[in-house]
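Have a look at the structure below, then the notes.
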Amino acid sequence: MHIRPLTSLLFERYQRDGFLLLPPDFLSSGVLQDAIALMPEILRSDDPSRVLERDNATVRSVYGLHRTYPQVHAITRHPLLLGAVEQLVGGGVYVHQSKINFKAPFSGDQWEWHQDFVYWLQNDGIPKPDLVNASIFLDEVTEFNGPLTFIPGSHRRGVLSGKLADGMPAGYEDAPAWVSTLTAEEKFNVDTSVIDDLARTNGLVSPKGPAGSVLLFHPNLLHASAPNLSPFRRTVLILVYNSVANTSGGVANPRPPFLADPDVRALRPLVPTATEGMPR
């Protein structure tokens, strides 16, 4: 039987705000240690799943980690994490995409305002926003090192009006076409008037916390992030779970498997080997 770790209060908070920040003791300490231990190897990777900053030297993201590293695949099946996501989408899930996002000291770039679901809708043929982003902080996230900034409740507005940017972003002119969907210069831009209206009505919030914290957020939640102006790295492991009832209807030019996993079998939770902490 799958665990249902979220209380009704936490579930309702997610539905209202579009995000939920869980404390570092939500997952066992071994989860954080396993992910951090992989960092040197992940940073050394040199294949198409790695995306660099505009300087063509600093690693920004590495994708498809659940397909490459058994340790990350095990994290996706952590009974509390998987149980929480299943509660939020209302059934079985698989990992559509996984990545580590790095914001290097003094050089981690900003990310413009955007929603995630429009990319999966347009590029991967995912019909509904029945997905959850699960972000595990591998470093402390503070107001100084480029945290995500959300407009609470904006997910309830659906896919917001926006425009498709033409061409490749500056610094990525020679990259494959799908790279344009992964850079800080967003391909699908939300009109600033929409952002202005929502921010004035709903406010802004930047969830922060120590390493090990888990941030769950809705794929239609409007978000951005500032550059890392600090001397402290900001690294997060992001697992994108999708409902098994919400798989792709097919697209003409599918993205690589490390961006859109074709294996849509429902994940089964790992059998716990120790007592796990429950959310407060």
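Throughout, numbering of the chain's residues begins at 1 and tracks the sequence.
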Checklist entry - For D47 and S45, what are the C-alpha separation, side-chain angles and deciding distance, and is it a side-chain hydrogen bond (donor to acceptor under 3.5 Å, both in side chains)? => result CA-CA 6 Å; D47 58 55; S45 67; 4.9 Å; no
Checklist entry - Minimum heavy-atom separation for L221 to G18, with atom names? => result CD2-O, 3.5 Å
Item to check | Non-neighbouring partners of D139 that pass salt bridge (charged side-chain N to carboxylate O under 4.0 Å, His left out), sequence neighbours left out | outcome: R233
Checklist entry - Among L43, I36, I100, which residue meets the side chain to side chain contact (heavy atoms under 4.5 Å, CB included) test with T235? => result I100
Item to check | D55 side chain vs A57 backbone, donor-acceptor pair below 3.5 Å | outcome: yes
Checklist entry - Could you go step by step and tell me if L121 and I126 meet the side chain to side chain contact (heavy atoms under 4.5 Å, CB included) rule? => result CA-CA 5 Å; L121 171 67; I126 302 296; 5.7 Å; no
Checklist entry - What's the shortest heavy-atom distance between L32 and F137, and which atoms? => result CD1-O, 3.6 Å
Item to check | By salt bridge (charged side-chain N to carboxylate O under 4.0 Å, His left out) - contacts of R77 (at least two apart) | outcome: none
Checklist outcome for this item: Sorted by chain and residue number, the side-chain contact (heavy atoms from CB on, under 4.5 Å) partners of P70 (sequence neighbours excluded) come out as none
Next on the checklist: Students often mix this up, so state it plainly: with edges at 30° and 60°, are the rings of H218 and H155 parallel, tilted or perpendicular?
Outcome noted: tilted
Next on the checklist: For a side chain to side chain contact (heavy atoms under 4.5 Å, CB included) check, start with the C-alpha distance between V95 and L267, then their side-chain angles and the critical distance, and finish with the verdict.
Outcome noted: CA-CA 8 Å; V95 175; L267 295 172; 3.8 Å; yes
Item to check | N145 and S230 side chains, donor-acceptor separation under 3.5 Å | outcome: no
Item to check | Partners meeting side chain to side chain donor-acceptor pair (under 3.5 Å) with S225 (sequence neighbours left out) | outcome: K103
Next on the checklist: According to salt bridge (charged side-chain N to carboxylate O under 4.0 Å, His left out), who are the partners of D263, at least two apart in sequence or on a separate chain?
Outcome noted: R265
Checklist entry - To the nearest 0.5 Å, what is the distance between CD1 (I3) and CG (L81)? => result 11.0 Å
Checklist entry - CG/N123 to CG/N253 distance, rounded to the nearest 0.5 angstrom? => result 10.0 Å
Next on the checklist: Could you tell me if the side chain of W120 sits less than 4.5 Å from the side chain of R255, heavy atoms only?
Outcome noted: yes
Item to check | Close side-chain approach of L10 to T7, heavy-atom, < 4.5 Å | outcome: yes
Checklist outcome for this item: CZ (F117) and CG (L131) are apart, to the nearest 0.5 Å, by 7.0 Å
Next on the checklist: According to side chain to side chain donor-acceptor pair (under 3.5 Å), who are the partners of S98, at least two apart in sequence or on a separate chain?
Outcome noted: H66
Checklist entry - Taking atom CZ of R4 and atom CG of L80, what is their separation to the nearest 0.5 Å? => result 13.5 Å
Next on the checklist: Is there a continuous path of hydrophobic side-chain contacts, each under 4.5 Å between heavy atoms, that joins V141 to F232?
Outcome noted: no
Checklist entry - Relative to the ring of F150, is the ring of F217 parallel (under 30°), tilted (30 to 60°) or perpendicular (over 60°)? => result tilted
Checklist entry - Quick one: does L259's side chain get under 4.5 Å of Q97's, heavy atoms only? => result yes
Item to check | Partners meeting side chain to side chain donor-acceptor pair (under 3.5 Å) with T247 (sequence neighbours left out) | outcome: none
Checklist entry - Got a sec: does the CZ of R156 have more than 12 other heavy atoms crowding it under 6.0 Å? => result yes
Next on the checklist: Could you tell me if the side chain of H78 sits less than 4.5 Å from the side chain of S28, heavy atoms only?
Outcome noted: yes
Checklist entry - For the atom pair CE (M39) and CG (L138), what is the distance rounded to the nearest 0.5 Å? => result 6.0 Å
Checklist outcome for this item: For R200, the salt bridge (charged side-chain N to carboxylate O under 4.0 Å, His left out) test, sequence neighbours excluded, returns D196
Checklist entry - Do F19 and V205 have side-chain heavy atoms sitting under 4.5 Å apart? => result yes
Checklist entry - So which heavy atom on L204 is nearest to which on A199, and how close? => result CD2-CB, 3.9 Å
Item to check | Side chains of R67 and P257 in contact at under 4.5 Å (non-hydrogen atoms) | outcome: yes
Checklist entry - Side chains of F144 and L229: closer than 4.5 Å at any heavy-atom pair? => result no
Item to check | Residue pairs fulfilling side chain to side chain donor-acceptor pair (under 3.5 Å) with at least one residue in residues 202-217, sequence neighbours excluded | outcome: T149-S206
Checklist entry - If you look at every heavy atom in T58 and A104, which pair is closest and at what distance? => result CG2-CB, 3.8 Å
Next on the checklist: Can a donor-acceptor pair be found, under 3.5 Å and without considering hydrogens, that links the side chain of S154 to the backbone of I151?
Outcome noted: yes
Checklist entry - Any idea which heavy atoms bring P210 and P24 closest together, and the distance? => result CG-CG, 3.6 Å
Checklist entry - Would R157 and L198 count as a side chain to side chain contact (heavy atoms under 4.5 Å, CB included) if you check the C-alpha gap in whole Å, the side-chain angles of each, and the deciding distance to 0.1 Å? => result CA-CA 10 Å; R157 291 279 296 270; L198 282 169; 3.2 Å; yes
Next on the checklist: I'd like to check the side-chain contact (heavy atoms from CB on, under 4.5 Å) partners of Q33; sequence neighbours left out, ordered by chain and number.
Outcome noted: S29
Checklist entry - Does L216 offer a backbone N or O that forms a donor-acceptor pair with the side chain of N133 under 3.5 Å? => result no
Checklist entry - V190 versus E112: any side-chain heavy-atom pair under 4.5 Å? => result no
Checklist outcome for this item: Between V236 and S135 the two heavy atoms that sit nearest each other are CB-OG, 3.6 Å
Checklist entry - Are any side-chain N or O atoms of Q115 and backbone N or O atoms of L160, one a donor and one an acceptor, separated by less than 3.5 Å? => result yes
Item to check | Ring centers of Y119, F188 separated by less than 6.0 Å | outcome: yes
Next on the checklist: side chain to side chain contact (heavy atoms under 4.5 Å, CB included), that's the test. Do V251 and Q122 meet it? Break it down for me.
Outcome noted: CA-CA 9 Å; V251 291; Q122 297 292 335; over 6 Å; no
Checklist entry - How far does CG of L27 sit from CG of D34, to the nearest 0.5 angstrom? => result 11.5 Å
Next on the checklist: The criterion is side-chain contact (heavy atoms from CB on, under 4.5 Å); which residues satisfy it with Y69, sequence neighbours excluded?
Outcome noted: L38, E41, I42, L65, Q71, V72
Item to check | Residue from T76, L239, V93 passing side chain to side chain contact (heavy atoms under 4.5 Å, CB included) with L82 | outcome: V93
Next on the checklist: Tell me which pairs pass side chain to side chain donor-acceptor pair (under 3.5 Å) where either residue lies in residues 81-96, with sequence neighbours left out.
Outcome noted: H2-E86, Y94-N242, H96-D124
